[in-house]
Amino acid sequence: MEKHVETIFSLDMPYRERMKVVRSVYRGQGGPRVAVVSGIHGDELEGLYLCHRIAAWLDWLAANHPQSLLGTIELYPGLNPLGLDTLARTVPPYGVDLNRTFPGHAGGVMPQRIADCAMRALAGCALVVDVHASNIYLREIPQVRINHLFADSLLPLAENMNVDVIWLHGAVTVLEASIAHSLNAQDVPALVVEMGVGMRLTPEYTEQLLAGLLNTWQQLGVLAADLELPAVQRRPRLAHEDNVYYLNAATSGLFVPNVAHWMEVRKDGLLGRIVSPLEGQTLAEVRSPVDGVLFTLREYPLVYEGSLMARVMAHA
Ligand SMILES: [Zn+2]
């Protein structure tokens, strides 16, 4: 097994610094290549910790079963280094969402150039997993999001990822200009994972996804079939347009939940209240529209009328 760190993109900064996007490459015996990408949004850190845990596991593998890495594993922990450095979701100083910039442009401005370099670097991969950590407002249970267009080829890969939910949809993180959509459109299978919350780490989710990734890589022939791996324990529930309910704030105030994330909820059960910071009354009660499970829960208390507070997946 061979290991090295290399730069896939660099750009001179105005005051002589040099900005770099780097990857760690663990090369085995010529089998398929797979990659984990994270840090596209500079306020999301769960994927960076996942890359660390994969790297630590690969160090263990190199010491104990070096012949068991059949393919190549590449880690891209921070595609948006300036955003990560400055706690900005978008790419400074442009204010551009890097995940709305793909497939990019080699002669464009910096975010377009990063996107273009990432697309070139990831070409030919048997699987790319793009790890997101929601945002600073919402906490998400580990889930894979798949666009309807690519469901047939991606669902079999997602099912072994040890996530709690597979969400089939056509919106937001699986939009056309995202890295995952652009890769899939170029026949590079790419899954979007959302888990945890922005600016935080959730180590139990990391371990859960690590087990899923290792098993999926074994299924693809990147890891030897006889290598013993942490078990896949989750059977993902399938979310789609007809069973996901959005709970938006009826009024502005402080959202105070009285439920825990990933809890079973009953129709009309009280999930929380919106209260006024100025006065003693409750402004609105938040109740579940259906029997189901709470798979998104607001982490950041301040809400404006229309803010998303929770998503409930109805039981079949
Ligand atoms: Zn993100």
Can you list, by chain and residue number, the hydrophobic cluster partners of [X] when the side-chain cut-off is 4.5 Å?
{"X": "L270", "answer": "none"}
{"X": "V25", "answer": "none"}
{"X": "V197", "answer": "none"}
{"X": "L84", "answer": "L45, L48, Y49, L201"}

What pair of heavy atoms forms the shortest contact from [X] to [Y], and how long is it?
{"X": "A190", "Y": "L154", "answer": "O-CD1, 3.5 Å"}
{"X": "A211", "Y": "A231", "answer": "CB-O, 4.0 Å"}
{"X": "L220", "Y": "P32", "answer": "O-CG, 3.3 Å"}

Do [X] and [Y] have side-chain atoms, one donor and one acceptor, less than 3.5 Å apart?
{"X": "H132", "Y": "E44", "answer": "yes"}
{"X": "R311", "Y": "T296", "answer": "yes"}
{"X": "T202", "Y": "R139", "answer": "yes"}
{"X": "N248", "Y": "E305", "answer": "no"}
{"X": "E17", "Y": "Y15", "answer": "no"}

With sequence neighbours left out, write down each residue that passes side chain to side chain donor-acceptor pair (under 3.5 Å) with [X], or none if nothing qualifies.
{"X": "D97", "answer": "H41"}
{"X": "D116", "answer": "R120"}
{"X": "R200", "answer": "none"}

| H65: ring-ring contact (aromatic ring centres under 6.0 Å, His included) partners, not counting sequence neighbours | W60

| said: If the condition is ring-ring contact (aromatic ring centres under 6.0 Å, His included), which residues does F295 pass it with, not counting sequence neighbours? | reply: W167

Nearest-0.5 Å distance, [atom1] of residue [X] to [atom2] of residue [Y]:
{"X": "D164", "Y": "R234", "atom1": "CG", "atom2": "CZ", "value": "4.5 Å"}
{"X": "Y137", "Y": "R298", "atom1": "OH", "atom2": "CZ", "value": "7.5 Å"}
{"X": "N99", "Y": "L79", "atom1": "CG", "atom2": "CG", "value": "9.0 Å"}
{"X": "S288", "Y": "E264", "atom1": "OG", "atom2": "CD", "value": "10.5 Å"}
{"X": "I146", "Y": "L168", "atom1": "CD1", "atom2": "CG", "value": "6.0 Å"}

Taking only residues at least two apart or on different chains, which pairs with a member in [range] satisfy salt bridge (Lys or Arg N to Asp or Glu O under 4.0 Å)?
{"range": "residues 279-293", "result": "R266-D291, E285-R287"}
{"range": "residues 204-233", "result": "R53-E207"}
{"range": "residues 75-87", "result": "none"}

| field | Any donor-acceptor N/O pair, N162 side chain to V232 backbone, under 3.5 Å | value | no

| Backbone of L183 reached by a side-chain donor or acceptor of Q186 within 3.5 Å | no

| field | N64 atom CG, over 12 foreign heavy atoms within 6.0 Å | value | yes

| Is it the case that one hydrophobic cluster holds both I54 and L209, taking links as side-chain heavy atoms less than 4.5 Å apart, direct or via other members? | yes

| request: Group every Ile, Leu, Val, Met, Phe, Trp and Tyr by side-chain heavy-atom contacts under 4.5 Å, then state whether L122 and V21 land in the same group. | output: yes

| message | Any carboxylate oxygen within less than 4.0 angstrom of a Lys/Arg side-chain nitrogen, looking at R235 and E159? | response | no

